[in-house]
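What follows is a short report on a single structure.
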Amino acid sequence: DKKELFTIGGLAIVLTIPLFYFNFLLTAIFYIGLFRMATNAKFIYDTLYEYLIMKQLDLTNRYGKGSYALITGGANGIGREFAYQFSRLGFNIIIIDMDKEGLKVVHDKITKETPGIEVLTIAQDLSELRNANEYQEILKNVNNLDISIVVNNVGIVSTLPFHEASPKIIRDIVLLNSNCFVTFQNLFYKQLIARCKNSTKKSAIINMSSESGFYPYYCMAMQSSSKAYDTFLSASLNLEKTDPNLDILCVSSGAVKTAMVNFQDDPLIISTPEFCVKNVLRAVGQLELTEITVFYRVVAHWLFQSIWYISNTGMSTILNAMMKNDKFIDLMGELQT
């Protein structure tokens, strides 16, 4: 039957693609993961729905045209792109960042390209804040504004082995990736809930986490654990939130072409800030977790689930040997950012 031969041939081609991108060992791991994930019908359905069927909601109508989107770490990279795309949808913008020059660039571009949109900038190194009072002090001029969306984007990455990381690096990761993350949600959670009750519009919290929050990672102990905190906090808040009109989306973005990955360019593994934010906006209001690209949803999870499957079946010696291989470490660094 020609149809059956065509189907089998097509599958054979698709299944051999990893051989050209990974080495034989990683390809074998890929197939183990493929077998395990193929048994999960819900995973397959959710993946197909998110990447092939789901369309972006009318966010302007959902959250309120002219309301404010507050973005931490909004002067560069993903945060800057959030500011651009939200402003084009008719939202006023509040950006908090330590980069004064970057803040000016964003401010000037938005006011030029989208007249009538207000852009408020707050120049502040969030790693310097120690308690809620200090956070409230920098927010005192925006607390009375109609903030409908809070984007927790600020954060840092370190790929140093734990014993080589300085106390400052560890402190900054904890303060920015975890403390700042939870403090902003605590400060705005009640305000956003109250907004939902007092108007016909909804509100949203977008939490930028990472693929490294799903599994422990080699040479990323602090990064992985802090992002796991972010991921599980988002999931827990979705369970306990008291108003269904508050949307909480956790984003496990994988590698994005920003200064954090030295602007590396690999279209298969590394997405652009534009692509990342576009897919976040498509997911907000519909999902509680998104991984931006089908590559990270499928290949990365198959790969890492396969690694843990091997480890949990008593083959940790092989896993440790792989983790000491320079080429393998380079690949992990690309996948886990």
Side-chain angles (χ1 to χ4, degrees), residues 47 50-60 62-63 65 68-97 99 101-115 117 119 121 148-157 204-212 227 247 249-287 289-300 334-337:
T47 301
E50 180 174 349
Y51 295 104
L52 297 179
I53 302 172
M54 187 176 71
K55 304 298 182 183
Q56 181 175 317
L57 300 175
D58 181 352
L59 302 184
T60 306
R62 185 178 184 85
Y63 301 117
K65 184 176 182 179
Y68 288 78
L70 183 148
I71 305 158
T72 65
N76 297 282
I78 298 173
R80 175 184 289 191
E81 189 60 30
F82 268 117
Y84 291 158
Q85 293 199 29
F86 273 128
S87 66
R88 292 170 193 146
L89 291 174
F91 292 92
N92 294 310
I93 305 297
I94 304 168
I95 310 171
I96 305 175
D97 201 293
D99 182 358
E101 184 177 337
L103 288 172
K104 185 177 186 306
V105 169
V106 179
H107 176 277
D108 292 349
K109 181 172 181 176
I110 292 176
T111 53
K112 180 181 179 180
E113 293 186 354
T114 51
I117 295 297
V119 184
T121 61
S148 61
I149 301 169
V150 174
V151 182
N152 276 307
N153 172 69
V154 70
I156 58 174
V157 174
I205 297 173
I206 300 174
N207 292 325
M208 298 302 295
S209 185
S210 168
E211 283 292 322
S212 63
K227 290 303 182 179
D247 301 322
L249 174 66
C250 181
V251 182
S252 295
S253 60
V256 180
K257 187 178 178 181
T258 66
M260 283 192 177
V261 297
N262 297 318
F263 298 101
Q264 297 179 66
D265 191 5
D266 186 328
L268 178 63
I269 294 177
I270 303 176
S271 59
T272 64
E274 295 83 359
F275 180 86
C276 173
V277 173
K278 179 181 178 181
N279 281 276
V280 172
L281 298 189
R282 185 167 55 89
V284 68
Q286 302 187 79
L287 302 177
L289 173 69
T290 183
E291 291 162 285
I292 302 301
T293 69
V294 70
F295 176 85
Y296 278 99
R297 165 64 69 87
V298 181
V299 178
E334 290 182 336
L335 292 177
Q336 67 197 9
T337 304

>> side chain to side chain contact (heavy atoms under 4.5 Å, CB included) for F86 and V151? Distances and angles first, verdict last.
In response: CA-CA 11 Å; F86 273 128; V151 182; 4.0 Å; yes
>> Between D247 and R62, is the side chain to side chain contact (heavy atoms under 4.5 Å, CB included) condition met? List the steps.
In response: CA-CA 11 Å; D247 301 322; R62 185 178 184 85; 2.9 Å; yes
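In this structure the side chain of I117 never reaches within 4.5 angstrom of the side chain of F91, judged on heavy atoms. You'll find the side chain of V277 stays beyond 4.5 Å of the side chain of Y84, heavy atoms only. Between V106 and T121, every side-chain heavy-atom pair lies at or beyond the 4.5 Å cut-off. Side-chain contact between E291 and E50 is absent, with no heavy-atom pair separated by less than 4.5 Å. V280 is not listed as a side-chain neighbour of Q85, based on a closest heavy-atom distance of 4.5 Å or more. Counting only heavy atoms from C-beta outward, the side chains of E81 and F275 never approach each other to under 4.5 Å. The closest side-chain heavy-atom distance from L89 to L281 is below 4.5 Å. The shortest distance between side-chain heavy atoms of N279 and T290 does not fall below 4.5 Å.
Between the side chain of T72 and the main chain of N152, no donor-acceptor pair closer than 3.5 Å is present. Using modelled atom types, no side-chain atom of E101 and backbone atom of A75 make a donor-acceptor pair closer than 3.5 Å. With hydrogens and angles ignored, the 3.5 Å screen pairs no side-chain donor or acceptor of T114 with any backbone N or O of T111.
Atoms CG and CD1, on N76 and I95 in that order, are 10.0 Å from each other to the nearest 0.5 Å. How far CD1 of I149 is from CD1 of I93: 8.0 Å, rounded to the nearest 0.5 Å. Between S87 atom OG and K109 atom NZ the span is 9.0 Å, to the nearest 0.5 Å. N92 contributes atom CG, which lies 12.0 Å from atom CG of L70 (distance to the nearest 0.5 angstrom). For the atom pair K227 NZ and C250 SG, the distance stands at 9.0 Å (nearest 0.5 Å). Interatomic distance, CG of L249 versus CG of L287, reported as 7.0 Å (0.5 Å rounding).
Heavy atoms only, all atoms of each residue included: K55 and Q286 are closest at O-NE2, 2.7 Å. Closest of all the heavy-atom pairs between S252 and L289 is OG-CD1, 3.7 Å.
With sequence neighbours left out, the salt bridge (Lys or Arg N to Asp or Glu O under 4.0 Å) criterion links K278 to no other residue. With sequence neighbours left out, Y63 forms a ring-ring contact (aromatic ring centres under 6.0 Å, His included) with no residue at all.
Electrostatic pairing of D108 and K104 counts as a salt bridge here, judged by a charged N lying under 4.0 Å from a carboxylate O.
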